[in-house]
Number of protein chains: 2
Amino acid sequence: MKKHQVTIIDIAKALNISKSTVSRALTGHPNVQPHTRERILEMADAMEYEKNMFSVSLIKRASKTLGIIVPEFSRSFFPQVIIGAQQRAKEAGYNLIISQSDESYETEVANTKVMLSHQVDGVLISMTKETNNYEHFKTFQRKGIPIVFFNRICDEMIVPKVIVDDYEGACSAVEHLIKQGKKRIAHLSGPETLSICKQRKAGYLNTLKKYGIPVNDDLIIHYDLSINKVKIYINYFLNLNPRPDAIFAINDPTAIEAIQLIKEAGLKIPQDIAIVGFSNDFASSLVEPSLTTVEQPIAEIGRVATQLLLDQLDREVADWKAQTVMLKTNLIVRNSS
Amino acid sequence: MKKHQVTIIDIAKALNISKSTVSRALTGHPNVQPHTRERILEMADAMEYEKNMFSVSLIKRASKTLGIIVPEFSRSFFPQVIIGAQQRAKEAGYNLIISQSDESYETEVANTKVMLSHQVDGVLISMTKETNNYEHFKTFQRKGIPIVFFNRICDEMIVPKVIVDDYEGACSAVEHLIKQGKKRIAHLSGPETLSICKQRKAGYLNTLKKYGIPVNDDLIIHYDLSINKVKIYINYFLNLNPRPDAIFAINDPTAIEAIQLIKEAGLKIPQDIAIVGFSNDFASSLVEPSLTTVEQPIAEIGRVATQLLLDQLDREVADWKAQTVMLKTNLIVRNSS
DNA sequence: CTGTTAGCGCATTCAT
DNA sequence: ATGAATGCGCTAACAG
């Protein structure tokens with residue numbers, strides 16, 4: 001059981017003054033005699049007083065906390081975004097409550113309620129792969145709580161978003177494969193509901209078109225991003241006749257898994273099949289062969305998204321601008337292509 | 001700016017009843033007519049009412065939130081622990097506030113204050129490598145807030161802890177190297193302040209002794225876990241004469257970095273130098289050669305630590321038991337040894 | 001500069 | 001079964 005919490009009243013009693021003066025001293029209000037302030041601060045320290053943010057939030061209707069909802073936590077991408085977000089939040093004097101939805105729509109909805117009841121001042125969101133109903137996000141808007149989407153954005157909602165140039169990144173990846181002499185380039189994509197998948201696929205398709213390579217639907221697979229299912233689709237690709245000579249994967253975890261499987265099948269990378277990923281996750285330089293990939297500025301995504309959120313915090317709802325910030329990508333050529 | 005928050009008073013007015021009845025209906029109190037309850041629930045839903053947890057916490061002196069403070073976020077270990085912790089917390093109806101100290105003592109102290117002011121009911125802690133003053137942790141105890149240490153534990157404090165059998169794990173790693181015929185086994189360890197480092201080093205020393213291999217202090221290095229400094233110490237090892245023929249690294253990131261550097265130096269792994277890591281991080285199976293390592297049940301650490309925390313929550317302070325749970329490790333032999 | 005009063009949203013007595 | 005009144009810890013408006 002928790003012990004009695006030290007309150008400003010305890011300090012006031014100990015010093016035989018009113019709690020208002022204590023409150024003023026503690027919040028740095030100017031109207032307190034220097035000497036009094038000093039005694040209060042000392043006593044607070046001695047009694048290990050810690051302000052109860054709940055009462056403050058209750059009064060101010062602001063919690064000085066931001067929330068971030070990410071779909072998963074198991075790969076390095078989202079933790080790194082969070083690092084960036086936390087840096088910026090901390091600089092601005094905000095705490096960050098983190099929650100992960102485990103790629104489950106239901107958990108995501110539950111997480112939004114947690115954010116709401118914890119009175120977050122704003123929320124950063126990257127959706128689960130399942131999410132196709134956005135009512136729980138719209139609740140934030142109706143309550144006047146600003147939100148910013150990043151990476152897994154919601155096209156339907158008019159709010160600030162931070163993405164990378166997925167289309168351009170995909171173009172550079174596919175163009176690179178074509179210049180390596182590859183002609184049957186497969187694309188292992190994610191759920192079509194996610195706009196990152198749509199954009200990367202569009203880049204893939206248009207680059208093929210640009211170079212006069214016919215699009216072959218057999219070479220395009222959408223899967224649910226469950227890494228253990230990559231096996232099914234790589235097998236499928238390997239059994240095609242003729243076989244693809246390159247694979248553009250939706251992200252690095254997928255590409256890395258593909259590399260393992262193709263090596264197991266006894267094929268040579270990149271000679272038989274070249275692989276390109278997307279993201280430049282930490283592991284991509286470690287696999288053998290090292291992975292060619294489209295680098296995105298991961299922590300920067302978190303920083304920029306947080307900044308956009310902070311920007312909205314001071315403004316009237318009517319003044320919110322729904323700008324979409326698009327960060328640049330950069331192709332890193334390694335040994336898998 | 002945030003809009004007016006929907007409160008139980010709004011619901012009460014809309015239904016022309018008292019806020020007490022609304023409160024009762026919403027908390028599931030039996031003394032409410034079924035029909036009335038239904039109307040209230042419907043109205044709450046229609047008005048998108050969301051309970052303000054701050055007032056509840058203010059009254060109950062409990063927030064139904066647990067905190068977790070980790071030293072860093074950039075490698076896969078701590079995010080995976082968090083996944084485990086969050087699972088268990090969620091099952092028990094608790095939310096989890098996550099904060100990372102960025103290996104900085106000061107940030108760690110700041111984070112404990114955040115936890116305090118957010119009225120967490122309990123805290124999971126893994127210290128930074130710098131921490132050697134524990135006053136900020138003791139504050140939790142003085143306030144009657146239970147804590148549990150995991151991984152980077154504090155020997156000085158008598159509270160529940162969750163660790164893996166670092167000593168035994170190190171023994172199995174070094175024994176394995178000896179059985180591979182290695183005779184000059186170096187140990188690249190972390191700060192001596194961390195008990196995981198002490199334990200793993202003890203396992204290293206005693207296994208050498210057990211097999212009659214003389215301990216050579218030149219082969220033991222303590223470094224600060226900054227991954228970019230691994231280079232300095234690997235260079236040092238490589239320039240020793242005679243050179244070590246194996247390295248037991250304190251963790252997988254260190255071992256993986258070592259592999260890269262030794263390959264760059266043109267040496268063969270494991271023929272010239274064998275490498276063993278500790279943890280079985282995700283990346284360890286991906287490096288070339290794949291890393292032999294001591295596997296630890298990462299998510300399980302989070303789950304068990306959370307359970308120990310929950311166990312304390314219902315008990316009187318006097319009943320808290322300071323048990324240390326030690327989880328088993330498992331040597332995974334791959335190609336680096 | 002300091003003390004008094006009111007109220008943030010809710011759960012919980014105590015009445016009825 | 002319901003309503004009125006009290007208070008959780010704090011800030012802010014109002015007096016002095």
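Lettering of chains follows the sequences in order, A, B, ..., and the numbering in each one begins at 1.
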Mind checking if Ile9(B) touches a base, just sugar-phosphate, or nothing, with heavy atoms under 4.0 Å? nothing
Tell me what Asn31(A) touches on the nucleic acid: a base, only sugar-phosphate, or nothing, going by heavy atoms under 4.0 Å. base
Arg24(B) CZ to dA1(D) C1': how many Å, rounded? 8 Å
Which nucleotide in the set dG3(C), dT6(D), dT2(D) lies at the smallest distance from any side-chain heavy atom of Thr36(B)? dT2(D)
Which residues pass the side chain to side chain donor-acceptor pair (under 3.5 Å) test with Thr128(A), not counting sequence neighbours? Thr131(A)
For Lys19(A), which contact category applies under a 4.0 Å heavy-atom criterion: base, sugar-phosphate, or nothing? base
Can you list, pair by pair, the side-chain donor-acceptor contacts under 3.5 Å of residues 46-60 of chain A, counting residues two or more places apart and other chains?
unit_1: Glu48(A); atom_1: OE1; unit_2: Arg142(B); atom_2: NE; d: 2.5
unit_1: Glu48(A); atom_1: OE2; unit_2: Thr139(B); atom_2: OG1; d: 3.2
unit_1: Glu48(A); atom_1: OE2; unit_2: Arg142(B); atom_2: NE; d: 3.2
unit_1: Glu48(A); atom_1: OE2; unit_2: Arg142(B); atom_2: NH2; d: 2.7
unit_1: Asn52(A); atom_1: OD1; unit_2: Phe54(A); atom_2: N; d: 2.8
unit_1: Ser55(A); atom_1: OG; unit_2: Asn52(A); atom_2: O; d: 3.1
unit_1: Ser57(A); atom_1: OG; unit_2: Met53(A); atom_2: O; d: 2.7

Could one point to a donor on the side chain of Arg61(B) or the base of dG9(D) with an acceptor on the other under 3.5 Å away? no
Return the set of residues passing salt bridge (Lys or Arg N to Asp or Glu O under 4.0 Å) with Glu130(B) (not counting sequence neighbours), or none when no residue passes. none
Can you list, pair by pair, the side-chain donor-acceptor contacts under 3.5 Å of residues 27-39 of chain B, counting residues two or more places apart and other chains?
unit_1: Thr27(B); atom_1: OG1; unit_2: Ser23(B); atom_2: O; d: 2.8
unit_1: Thr27(B); atom_1: OG1; unit_2: Arg24(B); atom_2: O; d: 3.2
unit_1: Arg37(B); atom_1: NH2; unit_2: His29(B); atom_2: O; d: 2.4

For the side chain of Ser20(B), starting at C-beta, report the closest nucleotide among dC1(C), dC10(C), dT12(C). dT12(C)
Does a side chain donor of either Ser104(B) or Glu106(B) reach within less than 3.5 Å of an acceptor in the other side chain? no
Taking the side chain of Gln33(B) as heavy atoms from C-beta outward, which of dT11(D), dT2(D), dT2(C) is closest to it? dT2(D)
Does Thr7(B) reach a base, just sugar-phosphate, or nothing at all? Heavy atoms under 4.0 Å. sugar-phosphate
What nucleotide among dC10(D), dG9(C), dT11(D) has an atom nearest to a side-chain atom of Ser55(B)? dG9(C)
Encoded 5' to 3' (Watson-Crick or G-U under 3.5 Å; [ ] crossing; | other strand), DNA chain C becomes ||||||||||||||||
Tell me which donor-acceptor pairs under 3.5 Å the side chains of residues 299-311 of chain B have, and how far apart each pair is, sequence neighbours excluded?
unit_1: Glu300(B); atom_1: OE1; unit_2: Arg303(B); atom_2: NH1; d: 2.5
unit_1: Arg303(B); atom_1: NE; unit_2: Gln87(B); atom_2: OE1; d: 2.9
unit_1: Thr306(B); atom_1: OG1; unit_2: Gly302(B); atom_2: O; d: 2.7
unit_1: Gln307(B); atom_1: OE1; unit_2: Arg88(B); atom_2: NE; d: 2.6
unit_1: Gln307(B); atom_1: OE1; unit_2: Arg88(B); atom_2: NH2; d: 2.8
unit_1: Gln307(B); atom_1: NE2; unit_2: Asp311(B); atom_2: OD1; d: 2.8

